[in-house]
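Proteins get letters first, then strands, A, B, ... in listed order; numbering begins at 1 in each. Just so you know, these numbers come straight off a predicted model, no measurement behind them.
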2 protein chains.
Amino acid sequence: MSKTTPLMLQLSSADPRPIVRQIGDGIRRAIASRELPVGAQLPSVRGLAQQLTVNPNTVAKAYSELAAEGWIDSRQGLGLFVAAPRQMLSDAERSRRLGIAIDTFAADVVGLGYPLSHVIDQVKAALKPVLNKRTA
Amino acid sequence: MSKTTPLMLQLSSADPRPIVRQIGDGIRRAIASRELPVGAQLPSVRGLAQQLTVNPNTVAKAYSELAAEGWIDSRQGLGLFVAAPRQMLSDAERSRRLGIAIDTFAADVVGLGYPLSHVIDQVKAALKPVLNKRTA
DNA sequence: GAAGTGTACTACGCGTGATAGTACAGAAAG
DNA sequence: CTTTCTGTACTATCACGCGTAGTACACTTC
């Protein structure tokens, strides 16, 4: 019985992102930062649902998407486990998604009045723990 | 009759953002980059709707949001004009929004496998034209 | 068999996105 | 004043996503 990592997740109703995405993003970040190492078992669908006071279907949906993206592997009757890193997207698709992500981010930040240097520093601090970790 | 700037806008169905947001983001970027200077008249609701083959209500909604955010001023029977820069959000709200924007961006990028330096370079290139321009 | 896992359905309520149509108020030009 | 442009405010409809709820099934372990 591999211990299911506790997984500190926090949902916020002030966050405009839907619950499914908050859960997915949180787990994705935890995996990318190696906080959840490869092979680690994730909390059960029903368990995490109870922990977050959320419908089990919502958690299952988030897990399902993570599995489709290759972040986790599911084993019937056993549980969900952090998958080995792999690249599933074409270069064109990766480039396209990066473009949209940056464009969206720019639109979100452009009205806040922060200087470029400040934004860059914050982005660096946020990305450092989650990039260049899964290729090691 | 002040010439309504042509306003090069391109909607994409491949872009996950809804149309209203694509329009709003595009105009917001054009204003922030000074491509649309203060006082410039924007295309009419019906005109832009026809240009983009979109429902006039959709354009009106986008304009309405931009006006609420202080980007543009509307004058009944005259048209819409780029407003003078002003800050409408509290420091706490600005900081909160920056945090969410960065968190969302990180989640969008974490799976693409790009090195930190590459992402930062792209972000810098995208933000340089739109930040620190309206405070001049 | 029992208890735990993931998975697959259906159904309902709710909100948003987008389209369509109509209507009204202000401004400018004839 | 009439026409024509502008923005604005509705209402209605359709589609889709989000979230909850309940049920059911297949698999693994004890």
Side-chain angles (χ1 to χ4, degrees), chain A residues 1-5 7 9 11-27 39-83 104, chain B residues 1-5 7 9 11-27 39-83 104:
Chain A
M1 185 201 298
S2 39
K3 228 177 59 179
T4 61
T5 318
L7 185 53
L9 263 188
L11 302 185
S12 164
S13 54
D15 196 317
R17 288 174 292 181
I19 301 180
V20 182
R21 204 187 194 282
Q22 288 190 49
I23 297 175
D25 287 354
I27 297 178
Q41 183 172 14
L42 295 145
S44 74
V45 170
R46 295 168 181 81
L48 184 57
Q50 184 173 7
Q51 172 189 331
L52 301 176
T53 30
V54 158
N55 193 284
N57 287 335
T58 305
V59 176
K61 189 175 182 183
Y63 275 157
S64 169
E65 293 175 359
L66 289 174
E69 293 170 7
W71 290 94
I72 62 182
D73 288 327
S74 71
R75 284 154 69 185
Q76 270 280 38
L78 278 181
L80 297 141
F81 305 86
V82 176
T104 303
Chain B
M1 189 201 299
S2 40
K3 231 178 54 180
T4 61
T5 317
L7 185 53
L9 263 188
L11 302 185
S12 164
S13 55
D15 195 318
R17 288 174 293 178
I19 302 181
V20 183
R21 204 186 194 281
Q22 288 190 49
I23 296 175
D25 287 355
I27 297 178
Q41 182 171 15
L42 294 144
S44 75
V45 171
R46 294 169 181 81
L48 184 57
Q50 184 173 7
Q51 173 189 329
L52 302 176
T53 31
V54 158
N55 193 283
N57 288 334
T58 306
V59 177
K61 189 175 182 181
Y63 276 158
S64 167
E65 293 175 359
L66 290 174
E69 294 170 7
W71 291 93
I72 62 181
D73 288 326
S74 71
R75 284 153 70 186
Q76 270 278 37
L78 278 181
L80 297 140
F81 304 86
V82 177
T104 304

Undergrad: Suppose we screen for salt bridge (Lys or Arg N to Asp or Glu O under 4.0 Å). Which residues come up paired with R17(B), at least two apart in sequence or across chains?
TA: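 R17(B): salt bridge (Lys or Arg N to Asp or Glu O under 4.0 Å) contacts with D103(A), D15(B), D25(B).
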Undergrad: Would you say L42(A) and Y63(A) make side-chain contact, with heavy atoms under 4.5 Å?
TA: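 In short, these two side chains touch, coming nearer than 4.5 Å.
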Undergrad: How does protein contact run along nucleotides 16-26 of chain C, one letter per nucleotide 5' to 3', with B for base contact, S for sugar-phosphate only, - for none, heavy atoms under 4.0 Å?
TA: -SSBBB-B-BB
Undergrad: Starting at CD of Q50(A) and ending at C1' of dA21(D), how long is that distance when rounded to a whole Å?
TA: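 Whole-Å distance recorded here is 16 Å.
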Undergrad: R75(A) CZ to dG4(C) C1': how many Å, rounded?
TA: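 In whole Å, dG4(C) C1' lies 15 Å from R75(A) CZ.
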Undergrad: Between N or O atoms, less than 3.5 Å apart, protein on one side and nucleotides 1-3 of chain C on the other: list the pairs.
TA:
none

Undergrad: Report the distance from atom CD of Q41(A) to atom C1' of dT5(C), rounded to the nearest whole Å.
TA: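 Taking atom C1' of dT5(C) as the reference, CD of Q41(A) is at 9 Å.
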Undergrad: For Q50(B), does the CD atom have more than 12 heavy-atom neighbours from other residues, nucleotides or ligands under 6.0 Å away?
TA: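 Atom CD in Q50(B) is not crowded, with 12 or fewer foreign heavy atoms closer than 6.0 Å.
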Undergrad: With heavy-atom distances below 4.5 Å as the criterion, would you say the side chains of I23(B) and V59(B) are in contact?
TA: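 Yes, side chains in contact.
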Undergrad: Over its full length, what angle do the end axes of the helix from dG1(C)-dC30(D) to dG30(C)-dC1(D) make, each axis taken from five pairs and the result rounded to 10 degrees?
TA: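 The angle separating the two end axes equals 10°.
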Undergrad: Could you give the CG-to-C1' distance, from D73(A) to dC27(D), as a whole number of Å?
TA: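 So the two atoms are 17 Å apart, to the nearest Å.
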Undergrad: Answer yes or no: does a side-chain N or O of S44(B) lie under 4.0 Å from OP1 or OP2 of dT6(D)?
TA: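 Checking dT6(D) against S44(B), a side-chain N or O does come within under 4.0 Å of OP1 or OP2.
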Undergrad: Taking side chain to side chain contact (heavy atoms under 4.5 Å, CB included) as the definition, give me every residue that meets it alongside E65(A), ordered by chain and number, with sequence neighbours left out.
TA: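 In terms of side chain to side chain contact (heavy atoms under 4.5 Å, CB included), with neighbours along the sequence ignored, E65(A) is linked to V20(A), K61(A).
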Undergrad: Please list, chain by chain and in numerical order, all residues satisfying salt bridge (Lys or Arg N to Asp or Glu O under 4.0 Å) with R75(A), sequence neighbours excluded.
TA: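 R75(A): no salt bridge (Lys or Arg N to Asp or Glu O under 4.0 Å) contacts found.
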Undergrad: Taking side chain to side chain contact (heavy atoms under 4.5 Å, CB included) as the test, write out the residues that go with E69(B), two or more places apart.
TA: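 So E69(B) forms a side chain to side chain contact (heavy atoms under 4.5 Å, CB included) with R28(B), L66(B), W71(B).
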Undergrad: Using the side chain to side chain contact (heavy atoms under 4.5 Å, CB included) criterion, which residues pair with P56(B)? Sequence neighbours excluded.
TA: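 Applying side chain to side chain contact (heavy atoms under 4.5 Å, CB included) to P56(B) gives V45(B), A49(B).
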Undergrad: Can you check whether S74(B) has a side-chain N or O nearer than 4.0 Å to OP1 or OP2 of dT6(D)?
TA: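 Indeed not, no polar side-chain atom of S74(B) lies that close.
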Undergrad: Excluding sequence neighbours, so at least two apart, what forms side chain to side chain contact (heavy atoms under 4.5 Å, CB included) with A14(A)?
TA: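 S12(A), R96(B).
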Undergrad: Rounded to the nearest angstrom, tell me the gap between atom CG in L48(A) and atom P in dT20(D).
TA: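 For the pair L48(A) CG and dT20(D) P, the rounded distance is 12 Å.
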Undergrad: Using 0.5 Å steps for rounding, measure from the CD1 atom of I19(B) to the OG atom of S13(B).
TA: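 It comes to 9.0 Å.
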Undergrad: Taking the side chain as everything from C-beta on, heavy atoms only, tell me whether R21(B) gets closer than 4.5 Å to T104(A).
TA: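 Heavy-atom side-chain distance check passes, below 4.5 Å.
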